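One structure, pasted below without further comment.
Being a predicted model, the structure only gives us computed values, none of them experimental.
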Amino acid sequence: MKFTKMQGCGNDYVYVDCTKNQEIEIDNIPHVARQVSDRHYGIGSDGLILIKPSQKADFFMDMYNNDGSRGKMCGNGIRCVGKYVYDYCLTDKKQVKIETLSGIKTLDLTIDNGKVSQVTVDMGNPIFAPEKIPVISDKEILVNEPIIIGGKEYKITCLSMGNPHAVVFVENTDDIPIETIGPLFENHEMFPDRVNTEFIQVINRNHIKMRVWERGSGETLACGTGACASVVACVLNGLTEDEVKVSLLGGDLHIRYDKDNNLVYMTGPAVTVFEGEIQL
Ligand SMILES: N[C@H](CCC[C@H](N)C(=O)O)C(=O)O
């Protein structure tokens with residue numbers, strides 16, 4: 001199987017062009033995702049992303065975490081899909097529409113020397129209704145709600161960016177035992193589909209630091225949907241302006257929350273690392 005390794009702020013995936021002759025038998029995809037993601041016995045990645053034809057948009061992004069679970073949306077991943085389809089001449093459009101399991105997203109591609117260098121994505125509407133995140137709660141919205149994790153109380157703000165997020169504000173992102181509490185958040189009973197958890201340190205009203213424990217992938221160097229969810233949570237809690245630089249372990253993303261229209265825009269890099277072929 002031919003693949004291209006790409007990364008957005010260090011959130012790296014194996015990309016497979018399934019728009020022509022290559023395809024993976026659907027029941028086998030979770031196994032392939034686990035196999036190629038293994039950083040010792042495989043290629044090494046946070047997961048697998050298949051670029052497929054679409055009836056509703058220019059292309060379809062089918063994304064899998066490194067545990068083989070299927071993700072409904074991936075912010076860093078969709079920027080790299082935009083780069084792939086332009087750089088490999090699958091399209092000559094500078095604005096492309098990508099179908100995801102969480103709807104169609106519009107990407108604006110920035111071209112430098114004939115290749116995509118950065119992408120702005122209209123990430124759509126953050127969703128706050130608990131049953132749509134999903135999170136089990138009798139509240140209308142979960143803003144700064146207490147939760148006990150590992151015997152300690154944290155406050156969470158929950159929303160969906162097409163995938164579920166719990167945003168936690170901390171004093172210092174360097175001090176959190178993420179390997180211990182990450183899985184406890186991810187698998188907490190109030191999240192029936194599990195959850196992506198972002199740990200946020202507010203630097204100032206236009207800058208935050210973020211670490212993330214991703215559902216199905218563990219700690220990653222960046223999470224695009226998580227960065228969007230975090231800025232929305234910051235605005236809801238009155239902690240930042242609506243345009244914020246998010247500094248992640250793997251790089252920076254620029255997020256703008258258009259609160260009046262309830263739309264989030266993400267701008268960030270997309271990088272091709274290498275191409276290869278793997279015997280499955
Ligand atoms: N782990 C996520 C999918 C990947 C999201 C992240 N890598 C991003 O850039 O948004 C989930 O299962 O919902």
Side-chain angles (χ1 to χ4, degrees), residues 8-13 33 37 45-49 61 63-79 100-103 105 121 123-137 142-143 145 147 149 154-170 173 176-201 208-234 236 246-250 253 255 257 264 266 268:
C9 296
N11 188 205
D12 61 329
Y13 292 93
S37 298
S45 69
D46 289 328
L48 171 68
I49 292 183
M61 174 179 76
M63 184 267 161
Y64 295 79
N65 295 303
N66 65 25
D67 72 350
S69 61
R70 198 178 197 186
K72 291 167 63 184
M73 179 48 197
C74 181
N76 291 313
I78 206 167
R79 294 200 315 276
T100 75
L101 293 181
S102 293
K105 309 298 176 187
V121 186
M123 297 288 282
N125 310 126
I127 296 165
F128 305 103
E131 67 277 7
K132 292 184 180 168
I133 295 175
V135 59
I136 296 170
S137 170
L142 282 88
V143 175
E145 284 295 314
I147 184 173
I149 295 286
Y154 297 83
K155 296 286 183 64
I156 55 174
T157 298
C158 297
L159 61 135
S160 170
M161 286 305 303
N163 57 357
H165 294 273
V167 181
V168 184
F169 296 103
V170 297
T173 52
I176 51 171
I178 200 166
E179 296 288 340
T180 307
I181 62 175
L184 299 178
F185 275 98
E186 177 183 3
N187 298 292
H188 193 278
E189 60 188 5
M190 71 189 289
F191 303 111
D193 292 351
R194 299 187 291 169
V195 75
N196 301 286
T197 307
E198 289 78 29
F199 301 92
I200 302 300
Q201 177 183 346
I208 62 175
K209 273 179 76 177
M210 173 181 144
R211 284 176 74 186
V212 59
W213 183 270
E214 282 200 31
R215 171 180 67 171
S217 288
E219 179 168 25
T220 61
L221 298 186
C223 178
T225 51
C228 294
S230 299
V231 170
V232 173
C234 285
L236 287 185
V246 183
S247 291
L248 304 120
L249 295 180
L253 290 173
I255 310 296
Y257 179 32
V264 186
M266 168 189 64

Trace of the salt bridge (charged side-chain N to carboxylate O under 4.0 Å, His left out) decision for D67 with R194: CA-CA 13 Å; D67 72 350; R194 299 187 291 169; 3.1 Å; yes

Within this structure, what is the CG-CD1 distance for the pair L142 and I133, rounded to the nearest 0.5 Å?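 It is 6.5 Å, given to the nearest 0.5 Å.
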
Heavy-atom side-chain contact between R215 and C223 under 4.5 Å: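 Side chain of R215 against side chain of C223, heavy atoms only: no contact under 4.5 Å found.
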
For the pair K105 and M73, evaluate side chain to side chain contact (heavy atoms under 4.5 Å, CB included) and give the outcome as yes or no after the intermediate values. CA-CA 10 Å; K105 309 298 176 187; M73 179 48 197; 4.0 Å; yes

Could you walk me through whether H188 and V195 pass the side chain to side chain contact (heavy atoms under 4.5 Å, CB included) check? CA-CA 8 Å; H188 193 278; V195 75; over 6 Å; no

Do you know which two heavy atoms are closest between S102 and G162, and how far apart they sit?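 Looking at all heavy atoms of both residues, the shortest contact is OG-O, 2.7 Å.
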
Is there a donor-acceptor pair closer than 3.5 Å between any side-chain N or O of S37 and the backbone N or O of A33?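 Yes, the answer is positive, given that a donor and an acceptor are paired below the 3.5 Å cut-off.
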
Could you tell me the separation between the SG atom of C74 and the CD1 atom of I49, rounded to the nearest 0.5 Å?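 Taking SG in C74 and CD1 in I49, the distance rounds to 4.5 Å.
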
Could you go through T100 and M63, starting from their C-alpha distance and side-chain angles, then the distance that decides it, and tell me whether this counts as side chain to side chain contact (heavy atoms under 4.5 Å, CB included)? CA-CA 9 Å; T100 75; M63 184 267 161; over 6 Å; no

Does a side-chain heavy-atom distance below 4.5 Å link S230 with I208?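 Yes, at least one pair of side-chain atoms sits under 4.5 Å.
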
Between N163 and T225, do the side chains contain a donor N or O and an acceptor N or O under 3.5 Å apart?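 Their side chains do contain a donor-acceptor pair, which is all the 3.5 Å distance test asks for.
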
Once rounded to the nearest 0.5 Å, what's the spacing between atom CD of E198 and atom SG of C228?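 Output value for this atom pair is 10.0 Å.
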
Counting N and O atoms only, with roles assigned by atom type, does the side chain of D46 sit under 3.5 Å from a partner on the main chain of Y13, one being a donor and the other an acceptor?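 No, the answer is negative, given that no donor and acceptor are paired below the 3.5 Å cut-off.
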
Quick one: pull up OG1 in T173 and CZ in F199 and give me the separation to the nearest 0.5 Å.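 Going from the OG1 atom of T173 to the CZ atom of F199 covers 10.5 Å.
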
How close do A222 and G8 get, heavy atom to heavy atom, and via which atoms?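 Heavy atoms only, the tightest pair is CB-O, 4.1 Å.
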
Closest non-hydrogen atom pair between A229 and L159, with its separation: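 That closest heavy-atom pairing would be O-CD2, 3.6 Å.
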
Pair L249, R211 - check side chain to side chain contact (heavy atoms under 4.5 Å, CB included), show working. CA-CA 7 Å; L249 295 180; R211 284 176 74 186; 4.1 Å; yes

Do N76 and L253 come within less than 4.5 Å of each other through their side chains, counting heavy atoms only?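 Answer yes - side chains close enough.
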
Polar side-chain atom of E186 near backbone of T197 as donor-acceptor pair, under 3.5 Å: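 The answer is no, because no donor-acceptor pair under 3.5 Å joins these two groups.
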
Of all heavy-atom pairs between C158 and F128, which one has the smallest distance, and what is that distance?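 Result for this residue pair: O-CD2, 4.4 Å.
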
Gap between atom CD1 of I149 and atom CZ of F185 - 0.5 Å precision: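 The CZ atom of F185 sits 4.5 Å away from the CD1 atom of I149.
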
Evaluate the side-chain proximity of P164 to V135: yes if any heavy-atom separation is below 4.5 Å, no if none is.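 Side-chain contact under 4.5 Å: no.
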
Note, N196 side chain near M161 side chain (heavy atom, < 4.5 Å):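 No, their side chains stay 4.5 Å or more apart.
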
Atom of R70, atom of Y64 and distance for their closest heavy-atom approach: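 Answer, listing the atom of R70 first, then Y64: NE-OH, 3.1 Å.
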
Distance, nearest 0.5 Å, that separates CG of L248 from OG1 of T220: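 Spacing of CG (L248) from OG1 (T220) equals 8.0 Å.
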
